[in-house]
Number of protein chains: 2
Amino acid sequence: MQRENAHSVRQTNGRSGAKADGTVAKALAVLDAVAAAGRPVRFVDLLNDAPFPKATLYRLLQTLLSQGMVQYDAESQRYSLGLRLIRLAHAAWSQSSLGDAARPVLDALSAQTKRTVHLAQLDNAQVLYLDKRNAARPVAMFSDAGRIGPAYCTGVGKAMLAHLPERERADAIAKQSFHEYTPHTLSDPDALRANLEDVARTGVAYDREEHELGIICVAAPVLSRNGVVLGGISFTSSVHRESLADLAALAPLLRNAAAEIAERAESIFAPNVTAGAAE
Amino acid sequence: MQRENAHSVRQTNGRSGAKADGTVAKALAVLDAVAAAGRPVRFVDLLNDAPFPKATLYRLLQTLLSQGMVQYDAESQRYSLGLRLIRLAHAAWSQSSLGDAARPVLDALSAQTKRTVHLAQLDNAQVLYLDKRNAARPVAMFSDAGRIGPAYCTGVGKAMLAHLPERERADAIAKQSFHEYTPHTLSDPDALRANLEDVARTGVAYDREEHELGIICVAAPVLSRNGVVLGGISFTSSVHRESLADLAALAPLLRNAAAEIAERAESIFAPNVTAGAAE
DNA sequence: AAACACAGTTTCAGTATGTGGAACTATCAA
DNA sequence: TTGATAGTTCCACATACTGAAACTGTGTTT
């Protein structure tokens, strides 16, 4: 314990290149692990994949448990994600400035075109869906909000990538996995880059059955006034219903909607809320 | 200069604004605060309501920020909930054993009856909605999953309360706020208790415009094999559409559905997954 | 029934980690 | 310039986190 010169480095005490961010980070990592399991998990199962010793993992779980972030079923001896998370997420979603701004616009788009509409954001070089309007039936929404998808082979993904600043775009492209979902998937960085140039030029991105056979999309980025990528929106359809060219006819509608969303989003953020300090 | 400790308020209480010790708990409290704000908040605003000194709050926010649990907009200098939360919640929701088990059942109920269907769970003596099927249009679901409601004046709430073990029920009743939403609201513990006795006897709870004028519900608890309250489901309708008596005719359907959900939920939890030890 | 194995929980000394008062910087207003 | 308020950094200090190891509980094997 050298306190005199303690000011030195934040020694992360060697060991594998961990992040060593703090207890909170560890607890969240445990949460992720529980989430990743995809179903209730037992202590050992978590222990196997966890970089923590038994006692530490145990304590973290207890903390999360008493905090309502995970649940524990005594009978099956399994942990699952807790209700508090759902509450929080409800808040996160309903006040997400983009989601908030987009909601009525998506409603209108969906009603007007009878197509499936998606709203997404970029999260760590992946597509994170924020909202959806289904063409046909009232499908449970939550099953799609929060869902993660690939950026390099979806309409929204490409629309957003194309409008990123160069540096960020390069980073993001480097993070893509280029799994060949279908024969049409752009399966290497160069093919993607070429495609993105078109997208950047036209302001419209297409998914030509690149992610799923038979499924096509038109997408447009949602850009802030100063060109920052806020998100993306798209129409999805199927080749059985119409050709890509037909779907492309909806692009102007999409671009207008994107502009409207951007404007609404900025007016939510921007106003000098400084007034009502209380609360 | 001494931290006013000495209190040893070591409560493992956890819920409802409790502040058990531990960094994780504090960080989560900050998250809650951001969520509670309902919109992007500035540092000071958080500081005012927070029980933490400036530097501590600052550090906690930085941690949450670097963990993706909150976002920071440099321009407006405001914090909001982060995307990681949405991802986690998606997982929480889609693997919630109850929600999972209930989904197809709710679909069927909704298709069959054309009524609005709710699935809820008790969370800290309040109703937390997990899923919903709207009678008419495909409404964005997330806006309702995660929503919190009062237990003492909703169908699902009373259905669940009534089937709680005595001790827990007493606790839960003590936590109700008894706000008089409408002239029909059961606005004191005794009235509620009396009503719950009926509910317990019949296995069906009604909301007779107790929460909102014109809105009525029939609800049934989802009970595990050994009688533990897992959740509740309900049909909601309006007095303009039908009388409570008419709606009540759907009760048997509801009870069957509840039983089916319970069975499915238990078979999701139960299976001896012990097999794949390796991995 | 005793022996074993493995899951889960508790303990405890040691110190890494988080704490928070205070000093500092940045911004705006008078 | 001075003053007020917001946000950030510093750092001595001790809380509260760590993790090996011991322990308990349950199920399986002999």
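Throughout, protein chains are lettered first and strands after them, A, B, ... in sequence-line order, and every chain is numbered starting at 1. Everything numeric here is computed off the predicted structure, so don't read it as measured data.
In this structure, the CD atom of B/Q62 is 9 Å from the C1' atom of D/dT8, given to the nearest Å. Rounding to whole angstrom units, CZ of residue A/F43 and P of C/dT10 are separated by 11 Å. C/dG21 atom P lies 12 Å from atom CG of B/L47, rounded to whole Å. Spacing between atom CD of B/Q77 and atom C1' of C/dT27 amounts to 9 Å, rounded to whole angstrom units. The separation between B/R42 atom CZ and C/dA26 atom P is 19 Å, rounded to whole Å. Rounded to whole angstrom, the span from the CZ atom of A/F52 across to the P atom of D/dG19 amounts to 9 Å. When the C1' atom of C/dT10 is taken as reference, atom CG of A/L61 falls 16 Å away, rounded to whole Å. Across the protein-nucleic acid pair, A/L60 atom CG and C/dT10 atom P stand 15 Å apart, rounded to whole Å.
Residue A/T56 places at least one side-chain N or O under 4.0 Å from the OP1 or OP2 atom of D/dG19. For the pair A/T23 and C/dG18, the criterion of a side-chain N or O lying under 4.0 Å from OP1 or OP2 is met. One finds no side-chain N or O of A/Y58 lying less than 4.0 angstrom from the OP1 or OP2 phosphate oxygen of C/dG8.
When side chains are defined from C-beta on, B/L119 does not count as touching B/Y129, because their heavy atoms never get closer than 4.5 Å. Inter-residue side-chain proximity for A/L196 and A/R169 is flagged as met; some heavy-atom pair is nearer than 4.5 Å.
Residue side chain B/K54 reaches the base of D/dG7 through a donor-acceptor N/O pair under 3.5 Å, judged by distance alone. Between the side chain of B/K26 and the base of C/dG18, no donor-acceptor pair of N or O atoms lies under 3.5 Å.
Checked against C/dG20, D/dT8, D/dA20, the side chain of B/Y79 finds its nearest nucleotide in D/dT8.
A salt bridge is absent between B/D123 and A/R84; no separation between the charged side-chain nitrogens and carboxylate oxygens falls under 4.0 Å.
Atom CD of A/Q62 sits about 12.0 Å away from atom CD of A/Q67, to the nearest 0.5 Å.
Each of B/R59 and B/V44 has a nearest nucleotide on DNA chain D; the 5'-most of these lies closest to B/V44.
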Take A/R42 and A/Y79 through the side chain to side chain contact (heavy atoms under 4.5 Å, CB included) test and state the conclusion after the steps.
CA-CA 6 Å; A/R42 279 182 326 188; A/Y79 293 90; over 6 Å; no
